[in-house]
Amino acid sequence: MTIAYLGPAGTFTEAALRQVDPDGNDHLPASSVPAALAAVREGRASSAVVPIENSVEGGVSATLDAVATGPELRILAEMLVPIRFDLVALEDKPLTAIRAVSTHSHAWAQVRQWAEASIPQAEYIPASSTAAGALGLLGATAAPYDAAICAPNVSEAHPELVVLAENIGDNPEAVTRFVHLGGPDSALPGRTDADRTTLVIPLWEDRAGALMEILEQFATRGVNLSRIESRPTGNYLGDYFFSVDIDGHIEDERVAEALVGLRRICPTTRFLGSYARADHKPATVASHHTDGAFTQARDWVAGLRAQKS
Ligand SMILES: O=C(O)C(=O)C[C@]1(C(=O)O)C=C[C@@H](O)C=C1
């Protein structure tokens with residue numbers, strides 16, 4: 001049961017993976033989100049863990065785009081990881097002496113204010129992950145940077161790294177949401193009282209009111225959206241899809257009814273999964289949007305239709 005993840009060891013993604021598989025060691029580090037997902041799609045891994053949303057930076061585009069096209073995948077679970085960044089180097093030195101610093105672009109976005117105030121002279125060098133940036137300092141060949149920004153557990157695992165500044169994130173409450181994905185035939189996680197469903201909705205027809213028509217499918221069934229982002233398909237300018245998280249499980253009548261409506265107006269709508277929310281926050285459901293209200297109304301219509309001569 002190999003699990004692929006955005007590696008190497010020491011990334012925040014690995015911390016999320018440890019929540020799913022604390023003692024396992026059949027973990028396959030990948031150098032990018034698409035590479036981790038390709039390992040599942042090509043059968044080299046049974047599942048993968050990747051970041052999907054950060055409380056400061058928003059959706060992780062690499063993940064939103066990679067799951068929107070290509071062979072389908074299913075989200076099995078989500079995990080939350082509190083984000084804490086340290087600045088590390090190979091030797092102790094004043095912050096004013098740092099020439100270039102490396103980290104993942106999402107991490108850089110979360111320390112930007114600190115960096116502007118504390119190391120304004122430093123050039124930013126992107127890394128494929130926070131741990132990859134830090135481990136680059138330890139490589140056999142000299143890295144084109146002399147400091148890196150990573151999770152504290154990287155310097156804990158590699159005592160050669162000196163921590164120059166601790167807890168440098170602009171928002172100390174930052175959290176990243178990760179998802180555990182399997183192949184399209186993965187068993188649907190059971191319904192709890194606090195679930196989330198993730199969808200990809202390509203804009204079927206570019207016309208006035210198209211987005212409103214999509215949103216109406218949720219609004220009229222009492223389904224709350226917790227995230228909506230538009231992403232370019234890459235096909236041509238102005239061609240977009242929506243990446244959407246809604247409160248609830250496909251086994252909830254209101255969610256199932258909304259998906260029926262959605263699929264009618266956007267026939268290429270993609271279901272990415274229904275799974276338990278990591279924060280266990282239950283959806284607020286009005287009495288006329290409960291399972292009972294939907295089945296009662298449906299039974300009423302079925303009864304009327306059965307009265308044929
Ligand atoms: O580079 C890492 O350590 C990752 O796990 C990736 C990632 C991300 O893509 O957002 C995860 C959490 C942090 O927000 C910064 C980077």
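In each ligand, atom 1 is the first atom listed, and ligand 1 is the first ligand listed.
Nearest protein heavy-atom contact of atom 16 (C) of ligand 1 is H104 ND1, 3.7 Å. Shortest contact from atom 3 (O) of ligand 1 to any protein heavy atom: T130 OG1, 2.5 Å. The protein heavy-atom contact nearest to atom 14 (O) of ligand 1 is Q110 NE2, 2.9 Å. Of the protein's non-hydrogen atoms, the one nearest atom 6 (C) of ligand 1 is L6 CD2, 3.6 Å. Protein heavy atom closest to atom 12 (C) of ligand 1, with residue, atom name and distance, is T176 OG1, 3.6 Å. With respect to atom 11 (C) of ligand 1, the closest heavy atom belonging to the protein is F178 CZ, 3.9 Å. Distance from atom 10 (O) of ligand 1 to its nearest protein heavy atom, with residue and atom name: H106 ND1, 3.1 Å.
Contacts with ligand 1 closer than 4.0 Å are made by no heavy atom of V33, backbone or side chain. Only the side chain of N54 comes within 4.0 Å of ligand 1, counting heavy atoms alone; its backbone N, CA, C and O stay farther away. With a 4.0 Å cut-off on non-hydrogen atoms, P51 touches ligand 1 through its side chain and not its backbone.
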Self-check item: Pair D65-R231, salt bridge (Lys or Arg N to Asp or Glu O under 4.0 Å): steps then yes or no
Solution: CA-CA 7 Å; D65 294 351; R231 292 288 309 152; 2.7 Å; yes
Practice problem: Given side chain to side chain donor-acceptor pair (under 3.5 Å), test S243 with R227 step by step and report yes or no. | Solution: CA-CA 8 Å; S243 173; R227 184 183 59 83; 3.0 Å; yes
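When side chains are defined from C-beta on, I168 does not count as touching D86, because their heavy atoms never get closer than 4.5 Å.
With rounding to the nearest 0.5 angstrom, the CZ atom of R270 is 9.5 Å from the OG1 atom of T268.
Across all non-hydrogen atoms, the minimal contact from D195 to H249 is OD2-CB, 3.6 Å.
Cluster membership for L181 and V200, using ILVMFWY side-chain heavy atoms within less than 4.5 angstrom, is shared.
Within the structure, the closest approach of E57 to ligand 1 does not fall below 4.0 Å when heavy atoms are considered.
Ring planes of W108 and Y124: parallel class, angle under 30° (limits at 30 and 60°).
A donor-acceptor pair under 3.5 Å is absent between the side-chain atoms of T11 and the main chain of S129, judged by distance alone.
Checking only distances, T13 does come within under 3.5 Å of ligand 1, N or O to N or O. Residue-to-ligand polar distances keep T11 apart from ligand 1: every N/O pair is separated by 3.5 Å or more.
Counting heavy atoms of neighbouring residues, nucleotides and ligands inside a 6.0 Å radius, atom CZ of R305 does not exceed 12 of them.
Short contacts between ligand 1 and S129, defined as distances under 4.0 Å to a heavy atom of the residue, involve ligand atoms 1 (O).
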